[in-house]
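Please read the structure below before turning to the comments.
Indexing begins at 1, ligand by ligand and atom by atom, following the structure's order.
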Amino acid sequence: MPTLRVDGVRVTVPAGATVLAAARAAGAEIPTLCHHEGLEPWGGCRLCLVEISKPGWTGEGKIVTSCNYPAEDGLVVRTSGERVVATRRVVVDLLLARCPGTPLVQRLAREHGIEEASYEVNPEPTDCVLCGLCTRACDRMGVSAIASVSRGASRAIAPPFNQPPPDCIGCLACAEVCPTGHIAWSEADGRRTIWGRVFEMQRCEGCGRPHLTAAQAGWARARGAAEQDLRLCDACKREQLARTLRAVSRGETVAAQAAAS
Ligand code: SF4
Ligand code: FES
């Protein structure tokens, strides 16, 4: 298990941990945008920069992205040195020029002492910070219905040819992981709409509420999901579990409790 020093604090982390994990374990606060515990590190937003060095290194330390840099034994990490903060400010400044009206970006700008962007402000402001969480979540599902398109200020996340994506299953993974709420979706009359596609919803057999799209249920079945896992919404599953546990604690058999419910 590697032992590092983060801002003077000695910390030991499991093998394979990142510098970001080590820094957080040491109590340091590092801003991140494209990092998500459930996804592979990407290193795209450059907000989590830190300075690293090792005893014996000469010259200045190296500026690296902490979310995908391995926590190596003996590493000395500075999370808020002058170079780190100055580089991070440039990243936030550029973000503010791209997304001037986005509350998350405005907060980051305030935290970095930036009142207004020093770069030319995007003539078509967007809430998309290009963190890539949505596309990576979609890829992780094995669906890959959306992707990053275009370049420069007009770079965006979109389905192929900006048409309703044929591969999308309407699972909302992209919308739920988006840190700015940029991905619009809606639900009404047993239908969910996202990326211009309309999905029929499947209703929970417990409470009758629509809880997943029929396309999503089909996708899960094709990957071996048991039918009983698709019948109930999360709230009803929790309720069923609570009922079962109550019955067990009263000494009833699970089968008797299931028959009574
Ligand atoms: S749509 Fe949201 S999750 Fe996707 S890249 Fe933009 S900000 Fe990130
Ligand atoms: S959080 Fe590390 S580069 Fe985005």
Verify the distance criterion only: is there a donor paired with an acceptor across the side chains of Thr12 and Thr3 at less than 3.5 Å?
-> yes
Leu20 side, atom CG; Glu37 side, atom CD - distance, nearest 0.5 Å | 7.5 Å
So salt bridge (charged side-chain N to carboxylate O under 4.0 Å, His left out) across residues 166-188, not counting sequence neighbours, yields Glu187-Arg192
May I ask you to decide whether Arg107 forms a salt bridge with Glu111, counting only side-chain N to carboxylate O separations under 4.0 Å?
-> yes
Tell me, which protein N/O/S atoms are under 2.8 Å away from atom 2 (Fe) of ligand 2?
-> Cys48 SG, Cys67 SG
Salt bridge Arg83-Glu60, side-chain N to carboxylate O under 4.0 Å = yes
Are Val76 and Leu4 side-chain neighbours, meaning at least one heavy-atom pair lies under 4.5 Å?
-> no
Residue pairs passing the salt bridge (charged side-chain N to carboxylate O under 4.0 Å, His left out) test where at least one lies in residues 67-76, sequence neighbours excluded | Lys54-Glu72
For the atom pair CD (Glu120) and CZ (Arg98), what is the distance rounded to the nearest 0.5 Å?
-> 14.0 Å
salt_bridge(Glu227, Arg221) N-O dist < 4.0 Å = yes
What's the count of protein N, O or S atoms under 2.8 Å from atom 6 (Fe) of ligand 1?
-> 1
